[in-house]
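Read the structure below first, then the notes.
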Amino acid sequence: MSKKANTFRTPIGTRDLMPSDSARWEAVTNVFTGVASRAGFSLVDTPIFEDIGVFSRIGEGTDVVGKEMYEFRDRSDRPMALRPEGTAAVCRAFAQHRPAVPWKVYYRGPYFRYEAPQAGRFRQFHQFGIESIGSDDPDIDVEVIALAWEVLRSVGLQRVLLIVNSMGDQNTRILYQEALRSYLLDNSNEIDEQDRDKVASHPLRVLDSKRSATQAVTNDAPKIGEYLSSEAEQHFDRVKDGLGSLGIPFAIEPKLVRGLDYYTHTTFEFQSSALETAQNTVCGGGRYNGLIEELGGPPTPGIGFGMGIERLLLACDAEESFPAPGSDTQVWLVDVADGRSARDLTHQLRNLGIVADRAFDGRSMRSQMRSADRSGAEIALIIGEQELADQTVAIRMLRDEEAAQTIVPRDEILREVERLLGLDS
RNA sequence: GUGAUCGUAGCUCAGUUGGUUAGAGCGCCUGUCUGUGGCACAGGAGGUCGGGGGUUCAAUUCCCCUCGGUCACCCCA
């Protein structure tokens with residue numbers, strides 16, 4: 001679309017958050033931070049780029065680090081990467097600062113993955129997330145899942161599906177992976193050839209293939225549930241029990257393994273059934289009992305989730321929920337005299353905490369009134385030559401057709417506006 | 001990275017047997033309705049038809065390349 005050589009646009013897969021959308025974005029952010037902070041989580045904000053090693057721990061073989069990472073070297077030749085996800089960076093922060101446990105934090109911000117954009121997928125995308133570090137109490141798993149649920153409910157989503165699974169501890173994971181690998185190898189002829197090369201290297205990845213030939217094979221594959229240790233099974237039972245007790249509907253999906261290598265025990269995903277696009281996962285998370293140790297910290301369990309803001313809003317669009325909030329302008333100054341009244345009164349109103357605005361450039365009354373109307377303001381304060389001479393202000397209630405325009409002395413106008421807005425005690 | 005599809009005013013889109021000054025709706029600006037918005041009416045600004053090359057007397061319209069949007073695969077939020 002660039003029309004001249006010197007015009008620019010946002011890079012592929014990125015976009016501007018324009019004022020027409022930003023109020024809704026802020027509102028959904030407030031919903032999330034409200035839910036998280038009511039549950040005792042505090043904000044943690046980590047850098048947008050890190051030593052690339054932080055993210056390699058996610059799993060060298062995963063697409064996220066293998067082929068989607070924005071890697072670069074800084075001017076001192078240090079290998080860095082733009083963060084592709086939140087958990088690893090938060091765990092790095094934990095390992096670095098060693099805060100007291102339980103460490104319950106939330107975060108939100110941009111993440112980067114070098115992928116071809118499509119519906120619900122961007123190169124710069126945004127997530128909300130929480131991490132609860134320091135305990136392997138299964139009730140924390142329940143708490144984390146319940147908070148994600150709460151956010152989804154709070155933005156009005158009805159058509160969400162929670163699926164959960166358990167990966168067991170690291171040991172069961174290894175055992176299962178072996179069993180799965182040999183099963184898949186035995187049946188590799190039936191598997192779609194697109195998936196076949198993953199059998200040996202990443203058998204777990206084969207489980208979430210969408211290809212029907214592959215699915216036919218994996219449907220009869222050994223289930224990870226059969227390999228859980230009794231501790232892992234107890235843990236998972238407690239999680240299921242907790243979700244049931246909180247009235248959160250869920251389905252168990254033995255093939256849910258998720259794309260990052262660090263998961264142990266509980267994994268979960270919320271999908272929007274209102275989204276018809278290929279990407280309908282709105283939130284994903286799980287437990288990662290070995291990750292912090294991987295990052296040089298003490299062995300510490302943790303669990304968390306990431307929620308894609310763009311996808312969340314897409315789901316809201318699909319369900320026609322969570323509309324953009326309206327204007328917050330309360331008062332508009334219309335000054336067709338010399339402009340000084342508008343200048344001074346907006347200042348004074350704002351100092352009282354009132355949202356006040358005005359037009360510039362000495363536009364016509366008609367033009368200024370139109371701006372007042374469009375701003376959504378309740379009240380227009382009008383000052384023309386007459387009012388200037390009389391030291392008065394005309395008050396017009398823009399949202400009430402019945403109301404007659406009134407004239408108030410200039411030195412009473414602030415009090416009158418407060419009264420009209422119901423701000424007087 | 002692969003494939004499909006699209007690319008005309010700020011937005012949504014018309015516009016082919018290739019041929020005068022490229023259109024509409026919405027939005028924006030100005031004005032009329034005897035200083036006053038939401039309605040109506042009148043006028044106006046705004047496009048080298050994504051970019052480059054080619055074919056042709058002539059290309060928005062045909063061909064090639066390129067850039068970008070969208071969707072899908074892969075994978076994931």
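Heavy-atom basis, side chains included; hydrogens, waters and symmetry copies ignored. Owing to the predicted nature of the structure, the values given are computational and were not obtained by experimental measurement.
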**Item:** A:Phe49 six-ring face occupied by A:Arg83 cation (under 6.0 Å, within 45°)
**Value:**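 Judged by the rule, A:Arg83 and A:Phe49 form no cation-pi pair.
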Just to verify, what does [X] make a salt bridge (charged side-chain N to carboxylate O under 4.0 Å, His left out) with, not counting sequence neighbours?
X: A:Arg123; answer: none
X: A:Glu378; answer: none
X: A:Glu115; answer: A:Arg121

Taking atom [atom1] in both [N] and [M], compute the distance separating them and give it to the nearest angstrom.
N: B:U60; M: B:C41; atom1: C1'; value: 34 Å
N: B:G3; M: B:C26; atom1: P; value: 43 Å
N: B:A22; M: B:G50; atom1: P; value: 15 Å
N: B:U48; M: B:U8; atom1: C1'; value: 13 Å
N: B:C63; M: B:G7; atom1: P; value: 13 Å
N: B:A24; M: B:G44; atom1: P; value: 11 Å
N: B:A14; M: B:G52; atom1: P; value: 24 Å
N: B:C6; M: B:C64; atom1: P; value: 13 Å

Given [options], identify the nucleotide with an atom nearest to the side chain of [X].
X: A:Arg9; options: B:C73, B:A77, B:G68; answer: B:G68
X: A:Ala116; options: B:C76, B:A77, B:U2; answer: B:U2
X: A:Ile12; options: B:C73, B:G38, B:G69; answer: B:G69
X: A:Ala278; options: B:A77, B:G37, B:A72; answer: B:A72
X: A:Gln386; options: B:G38, B:G35, B:C71; answer: B:G35

Rounded off to whole Å, could you give me the [atom1]-to-[atom2] distance for the [X] and [N] pair?
X: A:Met369; N: B:U36; atom1: CE; atom2: P; result: 9 Å
X: A:Leu312; N: B:C76; atom1: CG; atom2: C1'; result: 16 Å
X: A:Phe270; N: B:C76; atom1: CZ; atom2: P; result: 19 Å
X: A:Lys67; N: B:U2; atom1: NZ; atom2: P; result: 12 Å
X: A:Ile309; N: B:A77; atom1: CD1; atom2: C1'; result: 10 Å

**Prompt:** Just by protein heavy atoms under 4.0 Å, how would nucleotides 25-34 of chain B read 5' to 3' in B, S and -?
**Reply:** ---SSSBBB-
**Item:** Candidate pair A:Cys316 and A:Leu157, rule side chain to side chain contact (heavy atoms under 4.5 Å, CB included), full reasoning
**Value:** CA-CA 6 Å; A:Cys316 286; A:Leu157 294 183; 4.0 Å; yes
**Message:** Any donor-acceptor pair, under 3.5 Å, between the side chain of A:Glu115 and the base of B:A77, if you only look at N and O atoms?
**Reply:**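 Check passes, donor-acceptor contact within cut-off.
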**Message:** Looking at the base of B:G69, is there any donor atom on it, or on the side chain of A:Gln118, that sits under 3.5 Å from an acceptor on the other one?
**Reply:**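 Checked by distance alone, the answer is no.
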Can you list the residues that meet the side chain to side chain contact (heavy atoms under 4.5 Å, CB included) rule with [X], with sequence neighbours excluded?
X: A:Gln391; value: A:Arg410
X: A:Lys223; value: A:Glu226, A:Pro254
X: A:Gln158; value: A:Glu319

Name the nucleic acid region contacted by [X], choosing base, sugar-phosphate or nothing; use a 4.0 angstrom heavy-atom cut-off, strictly under.
X: A:Gly120; answer: base
X: A:Asp63; answer: sugar-phosphate
X: A:Gln124; answer: nothing
X: A:Arg205; answer: sugar-phosphate
X: A:Ala119; answer: sugar-phosphate
X: A:Phe128; answer: nothing

**Item:** Within residues 394-410 of chain A, residues whose heavy atoms come under 4.0 Å of RNA chain B
**Value:**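 A:Arg396, A:Leu398, A:Arg399, A:Glu401, A:Gln405, in order of number.
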**Request:** Mind listing the residues from residues 332-342 of chain A sitting with a heavy atom below 4.0 Å of RNA chain B? Number order is fine.
**Result:**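 Close to the strand are A:Val336.
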**Request:** Sorted by first residue and then second, give each side-chain hydrogen bond (donor to acceptor under 3.5 Å, both in side chains) pair with at least one member in residues 17-31 of chain A; sequence neighbours left out.
**Result:**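 Those involving residues 17-31 of chain A are A:Arg24-A:Asp317.
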**Asked** Side-chain contact, heavy-atom cut-off 4.5 Å: A:Ile292 with A:Ile133?
**Response**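 Touching, per the 4.5 Å side-chain cut-off.
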**ring-ring contact (aromatic ring centres under 6.0 Å, His included) partners of residues 375-398 of chain A, not counting sequence neighbours, each pair once** =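 Residue pairs passing ring-ring contact (aromatic ring centres under 6.0 Å, His included), neighbours aside: none found.
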**Request:** Return no unless some side-chain N or O of A:Lys210 is found under 4.0 Å from OP1 or OP2 of B:C73.
**Result:**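 Indeed, a polar side-chain atom of A:Lys210 lies that close.
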**Asked** Under 6.0 Å between the ring centres of A:Tyr263 and A:Tyr288?
**Response**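 Between A:Tyr263 and A:Tyr288, the centre distance exceeds or equals 6.0 Å.
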**Message:** Quick check on the 6.0 Å ring-centre criterion: do A:Phe32 and A:Tyr106 meet it?
**Reply:**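 So the answer is yes for these two rings.
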**Residue closer to the 5' end of RNA chain B, A:Arg211 versus A:Ile383 (nearest nucleotide)** =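 Closer to the 5' end of RNA chain B: A:Ile383.
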**Prompt:** Of A:Thr14 and A:Asp208, whose nearest nucleotide on RNA chain B comes first from the 5' end?
**Reply:**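 Final value for this comparison: A:Thr14.
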**Message:** I'd like to know if the side chain of A:Asp16 and the backbone of A:Met18 have a donor-acceptor N/O pair within less than 3.5 Å.
**Reply:**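 A pair under 3.5 Å: no.
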**Asked** Closest heavy-atom contact between A:Asp335 and A:Arg340?
**Response**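 Of all heavy-atom pairs spanning A:Asp335 and A:Arg340, the closest is OD2-N, 3.5 Å.
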**Message:** Show the nearest heavy-atom pair for residues A:Gly286 and A:Phe268, with the distance to one decimal.
**Reply:**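 Smallest interatomic distance, heavy atoms only, reads N-CE2, 3.6 Å.
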**Asked** Using centres under 5.5 Å plus planes under 30 degrees as the test, is A:Phe125 stacked with B:A77?
**Response**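 Yes, the aromatic ring of A:Phe125 stacks with the base.
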**Message:** For A:Arg15 and A:Phe122: C-alpha separation, side-chain torsions, deciding distance, then whether side chain to side chain contact (heavy atoms under 4.5 Å, CB included) applies.
**Reply:** CA-CA 9 Å; A:Arg15 49 184 199 172; A:Phe122 304 90; 3.9 Å; yes
**Message:** For RNA chain B, please output the secondary structure as dot-bracket, reading 5' to 3'. Pairs are Watson-Crick or G-U wobble, both atom distances under 3.5 Å; mark crossing pairs with [ ], other-strand partners with |, unpaired with a dot.
**Reply:** (((((((..((((.....[...)))).(((((.......))))).....(((((..]....))))))))))))....
